[in-house]
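Just so we're clear, the structure is a prediction, and the values are computed from it rather than from any experiment.
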Amino acid sequence: DQQVKQNSPSLSVQEGRISILNCDYTNSMFDYFLWYKKYPAEGPTFLISISSIKDKNEDGRFTVFLNKSAKHLSLHIVPSQPGDSAVYFCAARRSTSGTYKYIFGTGTRLKVLA
Amino acid sequence: DSGVTQTPKHLITATGQRVTLRCSPRSGDLSVYWYQQSLDQGLQFLIQYYNGEERAKGNILERFSAQQFPDLHSELNLSSLELGDSALYFCASSVDGRGDYGYTFGSGTRLTVV
């Protein structure tokens, strides 16, 4: 049962335009969400996070939106740059009795076209 | 360089064999996590250690085991290997056990079972 879903395996965007990556989750108990970026032959790197008590968090060109009622998370990149081309993973945290587990989506491959 | 060191980078072994993957966390980080990424799959959480003690368990097979040593490095042992165990194995670390600021991932060990 995939609790965190990234339904778009790939996305192509023109340089300078907005990239929107989406993530859906099923467990309403998730309390924290993160986005990671992964380049080939490297491990994922942390990008931005959002707590379940917020609906938006911004860091430079990256903004994460959380819609709890829809159990939907999105990452906006504006403006998109060729260096943003990578695989993006969303991850959701479930906290249980002092333990914290992150469940990752399957990733969306973003290609920014120059 | 993320500061998380994983060795070896590549490993090819036969079915039925046993291998050990090694991880040195980023300096100052007390928590170590192991993840498995199979082809076209998201990152599957295996196990977490915090300051030498097991903190959380994910979908880790009984054939797999891990430990974190007093110097905080960790080893993931995979035994009775099957073809389906071929995957990228990532180690990540964080300063605490919550991961509020994301994990720092290593570049992974690619295991191929033939």
Side-chain angles (χ1 to χ4, degrees), chain A residues 1-10 21 23-27 30-54 57 59 62 64 75 86-109, chain B residues 1-10 21 23-26 29-51 53-60 87-110:
Chain A
D1 177 28
Q2 190 69 28
Q3 296 186 55
V4 179
K5 298 178 184 177
Q6 293 178 257
N7 292 316
S8 299
S10 63
L21 297 107
C23 180
D24 295 297
Y25 60 96
T26 58
N27 192 334
F30 290 143
D31 65 352
Y32 208 76
F33 303 86
L34 298 92
W35 284 93
Y36 284 85
K37 179 169 72 173
K38 184 184 180 303
Y39 293 119
E42 294 182 12
T45 55
F46 169 70
L47 201 53
I48 192 169
S49 63
I50 188 167
S51 165
S52 61
I53 63 173
K54 294 187 175 181
N57 188 26
D59 184 3
F62 303 91
V64 56
L75 174 69
V87 177
Y88 290 79
F89 292 96
C90 66
R93 185 178 77 183
R94 188 175 67 219
S95 307
T96 309
S97 303
T99 67
Y100 304 89
K101 292 184 187 178
Y102 279 96
I103 298 171
F104 282 74
T106 51
T108 296
R109 184 178 301 278
Chain B
D1 181 10
S2 67
V4 176
T5 304
Q6 287 188 250
T7 57
K9 289 195 182 305
H10 302 277
L21 312 184
C23 170
S24 293
R26 192 180 59 165
D29 286 355
L30 298 178
S31 229
V32 169
Y33 312 81
W34 286 98
Y35 280 83
Q36 179 193 56
Q37 184 183 21
S38 303
L39 191 64
D40 294 332
Q41 296 294 310
L43 292 151
Q44 301 293 321
F45 170 66
L46 296 178
I47 198 163
Q48 177 202 356
Y49 282 84
Y50 179 79
N51 206 20
E53 292 189 3
E54 183 183 304
R55 177 64 69 91
K57 235 175 182 176
N59 299 322
I60 187 167
L88 255 177
Y89 290 85
F90 286 104
C91 168
S93 69
S94 68
V95 64
D96 59 19
R98 294 170 56 94
D100 285 7
Y101 303 102
Y103 301 160
T104 301
F105 279 84
S107 56
T109 293
R110 182 171 294 281

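Contact between A:T99 and B:A56 at its shortest, heavy atoms only, is CB-CB, 4.2 Å. Of all heavy-atom pairs spanning B:G102 and A:L34, the tightest one is CA-CD2, 3.4 Å. Nearest heavy-atom pair, A:A41 versus B:S107, reported as atom, atom and distance to 0.1 Å: O-CB, 4.0 Å. Listed here is the closest heavy atom pair of B:Q37 and A:F89: NE2-CZ, 3.5 Å. Taking each heavy atom of A:P44 and B:F105 in turn, the nearest pair found is O-CB, 3.3 Å.
If you measure heavy-atom distances from B:K57 to chain A, the contacts under 4.5 Å come from the backbone alone. Contact annotation for B:F45: only side-chain heavy atoms (C-beta onward) come within less than 4.5 Å of a heavy atom of chain A. Heavy-atom distances place the side chain of A:S49, and not its backbone, under 4.5 Å from chain B.
In this structure, CG on B:L43 lies 12.0 Å from CD1 on A:I103, to the nearest 0.5 angstrom. Atom OH of A:Y102 is separated from atom OG of B:S94 by 8.5 Å, given to the nearest 0.5 angstrom.
Each of A:Y32, A:Y100, A:W35 has some count of heavy-atom pairs under 4.5 Å with chain B, and the biggest count is that of A:Y100. Here B:R98 is the residue among B:R110, B:Q6, B:R55, B:R98 with the most heavy-atom pairs under 4.5 Å with chain A.
Taking the centre of each ring, A:F104 and B:Y35 come in below the 6.0 Å mark.
Without hydrogens or angle criteria, A:Y36 side chain to B:Y103 main chain gives a donor-acceptor distance under 3.5 Å.
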